[in-house]
Amino acid sequence: MSELSPPVLRLSHISKRFGALLANDDISLTLQRGEVLALLGENGAGKSTLVNILFGHYTADAGSVEVDGVALPPGNPRAALAAGVGMVHQHFTLADNLSVLDNIVIGTAPLWHLRQRRRAALARIHDLAGRFGLAVDPHARVGALSVGERQRVEIIKALYRGARVLILDEPTAVLTPQEVESLFGTLRQLIAEGLAVIFISHKLDEVLRVSHRVAVLRGGRLVATLPAAATSKPELAELMVGRRVEMPARTGTTATGQVVAALDRASVAATAGRGGLHEISLDLHAGEIVGIAGVSGNGQVALAEVMSGLAAPSAGRVTLHGAALPAQPRRWIGAGVARIPEDRHAEGAVGDLAVWENAIAEQLGNPAFVRAGVIRRAPARHFAHDLVRRFDVRGGGIDTPTRTLSGGNMQKLILGRALSVTGADACARPRLVVASQPTWGLDIGAVAYVHRQLLEAAAAGAAVLLISEDLDELMALSDRIAVMHAGRLTPARATASWTLGTLGLAMAGAGTDEGEVSHAA
Amino acid sequence: QSKIKVAAVYTVPVEQQWVSRIHKALNEAKARGEIDYVFSESVSNADYERVLRQYAEQGSGLIVGESFAVEGAARKVARDYPKTAFLMGSSGKPQAPNFSVFDNYIQEPSYLTGMIAGGMTKTNHIGMVGGYAIPEVNRLMHAFMEGAREVNPRVRFTVSFIGSWFDPPKAKEAAFAMVDKGADILYAERFGVSDAARERGKLAIGNVINTQPQYPATVVASALWNMEPTIAAALAKVKAGQFRNEDYGQYSLMKYKGAELAPLGTFEGKVPADLMTKVRAREKAILDGKFAVKVVETEPKSTP
Amino acid sequence: MRLEARTAVSRTALVGAPLAAIAVTLLICAALVAAAGAPVGRAYLLLLEGGFGSRFAWSETLTRATPLILTGLAVAVAFRTRLFNIGAEGQLYLGALAAVAVGGQVDGAAAPWAASLPTGVLFGAMVAAGMLAGALLLLLPAVLKLRLGVDEVVTTLLLNFIVLLGVSAMLDGPMKDPLAMGWPQSVGLVPELELARLMERSRVHAGLLMALALAALVWAINRFTVFGLQMRAAGANARAAAFAGMPVGRVTLLAAALSGALAGLAGVVEVAGRTGYLTLDMSPGYGYTGVVIAMLAGLHPLGVVASAVFVAGILVGADGMSRAVGVPNTIADVIVAVALLSMLVATMLTRYRIRFDRAGRVA
Amino acid sequence: MELLDIVSGAPFWIAVLRVATPLIFGTLGVLLCERAGVLNLGIEGIMVAGAFSGWLAVYQGVPLWGGVAVAAGVGLCLGLLHGWLTVSLALSQHVAGLGVTMLATSVSYYAYRLGFAQVATPPTITPFAPMTGWQGVPVIGPVMAAETALTLLALLAAPLLAWLLYRTPLGLAVRMVGENPAAAEGQGIRVNAVRIGAIMAGSALMAVGGAFLTLSAFNAFFFNMINGRGWICVALVVFASWRPGRALLGALLFAAFDALQLRLQQGGASLPGLPALPYQVYLMLPYILSIVALILVARRAAYPQALMKPYRKGER
Ligand SMILES: Nc1ncnc2c1ncn2[C@@H]1O[C@H](COP(=O)(O)OP(=O)(O)OP(=O)(O)O)[C@@H](O)[C@H]1O
Ligand SMILES: Nc1ncnc2c1ncn2[C@@H]1O[C@H](COP(=O)(O)OP(=O)(O)OP(=O)(O)O)[C@@H](O)[C@H]1O
Ligand SMILES: [Mg+2]
Ligand SMILES: [Mg+2]
């Protein structure tokens with residue numbers, strides 16, 4: 001990579017305003033052939049906005065984008081594609097009901113052509129898959145693919161058009177460690193062939209591993225551009241957040257209390273799109289955090305559903321303080337179970353409701369907020385104000401539609417709501433916290449915040465079930481860890497007895513055979 | 001002398017057979033310079049009362065309309081404007097002091113067309129397509145069937161209703177289905193039926209209006225409704241200041257030329273002479289008051 | 001061309017948009033009026049006068065608005081919960097039929113079982129029956145949607161036809177008024193059950209008060225109650241609502257019942273307030289117009305009242321105008337349709353601005 | 001048994017095809033719109049406008065196929081209006097559709113009244129003639145010989161649309177914008193252009209369906225003559241799970257029920273096993289069976305994922 005060669009991509013003085021908010025403020029960047037540029041920043045710093053402008057999804061208010069010295073017309077993805085820019089969006093943009101092939105070839109032939117050259121397309125996809133290690137069945141329906149496979153389809157989509165600049169917006173946020181590895185393998189392959197890559201991620205380790213240069217955004221401004229080799233995690237974190245970030249960690253072993261919740265050979269049938277559970281047994285004690293590791297799709301969703309009161313086990317027992325509860329979320333909430341769902345947009349909050357309405361959504365039976373079916377607005381709004389303050393939910397006030405909150409702030413709202421339910425049966429604090437992937441897509445500051453809340457909940461005597469694919473997170477927070485594979489669960493063992501290696505092996509299926517599970521308790 | 005201000009309020013468009021007859025009679029009176037004529041068509045049930053009131057307020061001397069589904073409202077308005085003459089198509093009774101009624105009492109020529117149909121059918125099968133089974137339709141159908149039976153006791157009838165006043169394609173389908181079942185003469189209560197008959201080379205009998213000009217080789221005979229006598233009678237009363245609550249129904253009878261068997265026209269000579277003799281005899285008997293066509297208003301059914 | 005959300009909506013825009021929409025409507029329809037050779041200025045003056053210009057005009061407009069408020073509310077409630085009820089027309093007719101079944105005369109007097117009841121009780125029973133009938137009719141598509149995923153747009157639409165044919169069969173059969181000379185209409189209501197007139201020599205009846213009260217009630221439900229919150233939540237994101245412990249199925253069914261009941265009540269009110277008996281042509285599409293009204297109102301219950309009066313005024317005024325200047329009376333429907341579309345566009349432009357990108361290409 | 005007699009005769013199938021023709025056009029039109037992600041409740045009005053404009057053109061001396069073209073052109077314009085409202089301006093698709101229906105219907109009636117103020121009987125034209133040339137063809141000959149060219153066109157339109165949707169880049173683009181407009185945009189498809197184009201083409205099909213009623217099934221224009229046929233098409237598309245082949249099948253099935261209904265009704269008391277039901281019950285039959293059919297297919301129905309979701313560029 002020569003400093004003198006002209007850049008493939010040049011962003012000059014990009015500014016973009018959303019109403020009152022300046023999402024991008026005079027940002028200028030360049031990208032060289034064969035270079036990986038990491039884009040860092042807190043949630044809402046303006047990363048996605050910038051790359052969306054670059055690709056033509058958004059139209060910048062000012063500034064220009066040049067590819068190979070030629071300016072792109074603004075707001076025109078077709079032009080960007082034609083100039084060799086490929087983009088993998090933060091949220092996948094694939095049509096679930098169409099085949100992989102259809103998703104890839106769409107837009108590559110003029111619309112008025114009467115035939116699709118499917119055979120040639122298949123050959124090309126096959127070739128790309130082989131060259132870059134992106135195995136995927138072109139005839140599969142996208143809706144039936146795993147997250148990792150979809151990611152591969154997205155990358156093939158870009159490569160199929162001969163992209164020379166590839167933008168990856170948080171590609172690793174929902175990938176398993178194995179999938180991340182294979183993605184990085186592909187990336188290395190790509191830059192070897194001369195592609196230039198913009199890579200957005202909140203995971204600083206990854207950033208330092210794959211990128212050549214790092215650009216940090218804060219509040220829409222470019223605050224620094226540094227060579228990856230000359231920086232460190234703490235430095236980057238501080239640049240992003242503007243202050244030092246302390247990652248909280250477990251403070252030694254907590255004395256565990258009585259059993260709060262217990263699964264006894266609980267099974268759940270698999271349904272389309274989610275794996276089942278097979279005779280799972282697990283005890284959760286007051287004051288401890290139990291981590292569940294596993295590659296997604298191995299039954300974590302079913303486990304979270306059972307522990308959130310959304311589904312009943314088809315066999316076996318699930319008890320809370322020794323008693324079984326019906327699968328009604330209301331009853332579980334009332335019994336002091338704080339639930340943090342995996343998908344905050346789909347399950348965690350109703351985007352169209354105001355923040356204060358979402359804040360009390362789990363307590364519509366609570367006489368403090370509701371009398372005779374009528375909402376007592378004053379106490380309810382007071383509660384929401386308090387929640388927003390205590391959990392540092394930023395972005396508008398309590399009357400703004402929840403959908404406009406960034407992911408991190410929405411997560412804080414959900415966390416705050418779950419942890420502040422004062423149950424009907426007079427439990428002032430949650431007794432059980434069920435957290436599924438609580439830090440997906442969050443920036444480092446928000447992650448630290450969520451971790452601190454979970455630790456505090458445990459310290460206050462709650463049992464915490466932490467379902468996560470982030471092994472670092474599990475190792476940092478959990479007292480005990482169990483691994484899920486194919487709907488079965490290993491016994492939960494003290495965190496110290498696991499290593500990243502043994503965890504990985506267990507996640508791949510070793511050690512969860514019938515014999516060991518059956519006497520787990 | 002000053003013209004009488006006449007307003008008409010119709011619930012359907014003026015092409016609709018029934019209303020077209022009233023519209024025609026009033027237009028003729030207007031052409032003769034007897035009246036000032038204004039009208040509203042397709043007036044919905046919800047608007048009917050208001051439109052009546054507005055015409056009454058504007059000083060109409062005579063208001064003509066069809067109050068079948070808006071009986072209550074129309075009578076209320078009439079009570080509120082006792083100086084205005086109301087002449088309403090209605091199945092009900094006149095109402096003092098100023099609400100008169102009329103109806104399409106053309107069962108007599110219907111009977112006669114029935115005779116012609118009964119005599120002309122070769123398959124002894126007649127098809128009848130109606131919009132809705134309402135009295136105005138039913139009594140004509142019954143008279144027609146009676147007439148056909150008189151000359152041809154073996155004749156069979158297939159009756160169906162299409163549940164719409166304005167769906168000629170559907171009426172046509174119903175008629176086609178009847179032809180497929182063997183009917184060779186169709187009683188055309190709706191637009192579309194004669195069309196089906198023409199396409200299949202069958203015959204049709206017209207009703208209320210004369211559609212023979214459109215279907216010269218198809219429409220054998222029609223039972224015509226002439227509103228002119230009714231309108232003339234009412235106008236005369238209004239002019240004389242003697243309009244009261246009366247039943248003008250009789251003016252739709254053949255005796256008053258309110259109804260007639262349309263001229264055979266293109267079918268002159270094609271209807272067997274002996275049959276026409278019988279028909280003419282019956283016609284005379286009716287005019288002489290020696291024969292009364294029975295009025296039956298129940299829903300007609302296909303013969304088993 | 002693309003849309004960009006506005007951050008602040010100015011008050012002038014909020015007031016100006018509907019006015020601009022009305023202006024555009026009048027401009028477009030002026031062409032049609034002129035095409036008929038009528039004087040445009042006078043036509044519009046007459047329209048205004050006929051809809052809002054006199055006591056009589058107001059009484060007619062309000063009479064016409066009464067059922068529209070109720071069907072508009074019915075649609076607003078259902079649409080809020082993302083239950084696309086296009087079947088208010090059918091619910092209205094079934095409600096009317098039920099009202100007649102309960103409050104209809106038998107041999108010129110109240111039915112034997114009802115004769116001994118106090119009028120108030122019988123009235124209550126009649127209203128309840130109508131609302132229940134409407135509610136049950138919408139519950140069918142709602143249950144089909146919840147349990148089997150059957151699209152409710154289509155089922156409610158089809159049910160309109162079925163109900164109308166069913167009513168037709170009833171009016172031809174068991175519920176036919178034997179005194180109606182064979183004409184398919186129901187028996188009349190017991191006279192005591194008819195709604196009181198609000199103004200002398202006019203048709204405005206107490207049904208208007210019922211409609212207004214219900215608009216206020218629905219507004220209060222939406223704004224103050226748990227049920228209102230749950231309806232919005234279930235409509236916006238059923239999964240998240242269920243996760244938070246809301247009984248989504250029950251809420252949807254209750255909303256459906258409320259919506260159907262409101263439309264059913266529209267039928268009751270028309271029979272008891274305006275016609276006195278049921279015929280097949282009683283409603284000039286109140287149910288479908290209800291959709292228009294609810295959307296003009298942005299699904300807001302109080303807005304429903306305003307837009308119902310507005311639409312009713314146009315219908316009434318334009319109808320009279322068409323007669324006075326001699327243009328075809330379908331001009332009323334044209335004006336309402338154009339007004340609806342321009343109002344939709346105008347209100348959208350208060351929330352969004354249209355930007356033409358520098359590329360200039362209209363995508 | 002009588003039912004068997006009815007169904008086995010050529011006349012029955014002739015009727016079925018004739019009744020089905022406007023429904024086939026309409027259903028394919030709705031299908032195309034919905035495949036692109038837009039509900040088009042404007043259909044009822046667009047069919048009225050097609051019926052009126054096609055008829056008017058022929059009445060003014062334009063040849064029959066010219067009338068069809070005029071109807072299609074009017075459909076294109078109304079489709080453009082609906083597309084502009086629902087796609088460019090992203091307005092509620094239900095309401096825009098009902099608005100288009102109101103507008104197209106009322107303007108058609110208005111224009112008809114202006115042109116034909118004082119008519120006693122509706123003015124007529126000479127409609128399409130049956131394709132008697134088919135007479136000699138075995139099996140389908142006797143049926144097709146009684147139909148007009150528009151029916152043939154309708155029958156051909158279904159496989160043509162299927163081919164377009166599943167075999168051409170344009171069809172893929174239409175399906176893609178109906179499934180995930182953001183994805184289509186990301187692949188360089190101009191989402192709004194494709195959507196509006198699909199709505200226009202679909203609306204043209206609807207209008208031709210309406211024109212069939214005035215140019216082939218009958219020879220004059222009437223108020224209210226579409227009589228709810230458009231709404232039936234909206235139902236048929238769901239029944240068809242958005243597949244052209246099944247749409248054709250659905251329209252034929254509905255038409256078969258309708259044709260059968262007329263014949264059963266006419267059977268009167270003579271039909272063994274069936275009591276003498278009010279005629280309204282027979283008229284209800286096709287609608288009831290439609291709902292039953294919808295219930296049966298509901299589980300399998302694969303909605304275009306973006307149906308009824310407006311796409312605003314640059315907004316999440
Ligand atoms: N479509 C939009 N409409 C309005 N405001 C927007 C829109 N997209 C982004 N913003 C604003 O721009 C800011 C930057 O958003 P952007 O999506 O670029 O953040 P990001 O850096 O990608 O965050 P994350 O790490 O969460 O993905 C946000 O805080 C938000 O206020
Ligand atoms: N419709 C909208 N109006 C206003 N702001 C929006 C809108 N949609 C998104 N935003 C803003 O865009 C920013 C980024 O949104 P985005 O959904 O990318 O958040 P995120 O943190 O990346 O969440 P996640 O990755 O968990 O989905 C947020 O700050 C949010 O305020
Ligand atoms: Mg982002
Ligand atoms: Mg994010």
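Here is how names work: the chains are called A, B, and so on, in the same order as the sequence lines, proteins then strands, and each is numbered from 1.
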Requested in this report: Below 4.5 Å from any heavy atom of chain C, which atoms of D:Tyr112 appear? Answer side chain, backbone, both or neither.
Outcome: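 Contact with chain C is absent: no heavy atom of D:Tyr112 under 4.5 Å.
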
Query raised in the report: At a heavy-atom separation under 4.5 Å, does D:Leu85 approach chain C through its side chain, its backbone, both, or neither?
Result: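 The answer is the side chain of D:Leu85.
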
Contact leader toward chain D among [options], where contacts are heavy-atom pairs under 4.5 Å:
{"options": "C:Thr155, C:Ile331, C:Val336", "result": "C:Ile331"}
{"options": "C:Asn329, C:Thr289, C:Val345, C:Val338", "result": "C:Val345"}
{"options": "C:Leu296, C:Ile86, C:Asp151, C:Val292", "result": "C:Asp151"}
{"options": "C:Leu344, C:Ile162, C:Val150, C:Leu340", "result": "C:Ile162"}

Requested in this report: Of all the heavy-atom pairs spanning D:Gly99 and C:Leu341, show the shortest one and how long it is.
Outcome: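 What the structure gives for the nearest pair is CA-CD2, 4.0 Å.
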
Query raised in the report: If you take all heavy atoms of C:Asp172 and D:Gln280, which pair is closest and at what distance?
Result: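 Taking every non-hydrogen atom into account, OD2-NE2, 3.0 Å.
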
Requested in this report: State, with a plain yes or no, whether a side-chain heavy atom of C:Leu159 is found less than 4.5 Å away from one of D:Ile291.
Outcome: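 Yes. Closest side-chain heavy atoms under 4.5 Å.
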
**Report entry** OG on D:Ser92 to CE on C:Met348, rounded to 0.5 Å
**Finding:**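 Going from CE on C:Met348 over to OG on D:Ser92, the span is 12.5 Å.
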
**Report entry** Inter-residue atom distance D:Met102.CE - C:Ile335.CD1, 0.5 Å rounding
**Finding:**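 So the gap between those two atoms works out to 11.0 Å.
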
Query raised in the report: Should the pair C:Tyr288 and D:Trp231 be assigned to parallel (<30°), tilted (30 to 60°) or perpendicular (>60°) ring geometry?
Result: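 Parallel, since the angle between the ring planes stays under 30°.
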
Query raised in the report: Given that the side chain runs from C-beta out, which part of C:Ala332 has a heavy atom under 4.5 Å from chain D: side chain, backbone, both or neither?
Result: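 No part of C:Ala332 comes within 4.5 Å of chain D.
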
Who wins among [options] for the most heavy-atom pairs under 4.5 Å with chain C?
{"options": "D:Val237, D:Val100, D:Leu91", "value": "D:Leu91"}
{"options": "D:Val194, D:Leu283, D:Val234, D:Leu81", "value": "D:Leu283"}
{"options": "D:Thr105, D:Leu39, D:Val87, D:Val95", "value": "D:Val95"}
{"options": "D:Met308, D:Arg113, D:Met284", "value": "D:Met284"}

Report task. Would you please test D:Ile232 and C:Leu158 for side-chain contact (heavy atoms from CB on, under 4.5 Å) and show each step? Result -> CA-CA 7 Å; D:Ile232 299 301; C:Leu158 289 177; 3.9 Å; yes

**Report entry** D:Tyr110 (side chain) donor-acceptor with C:Leu32 (main chain) under 3.5 angstrom
**Finding:**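 Checked: pair present.
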
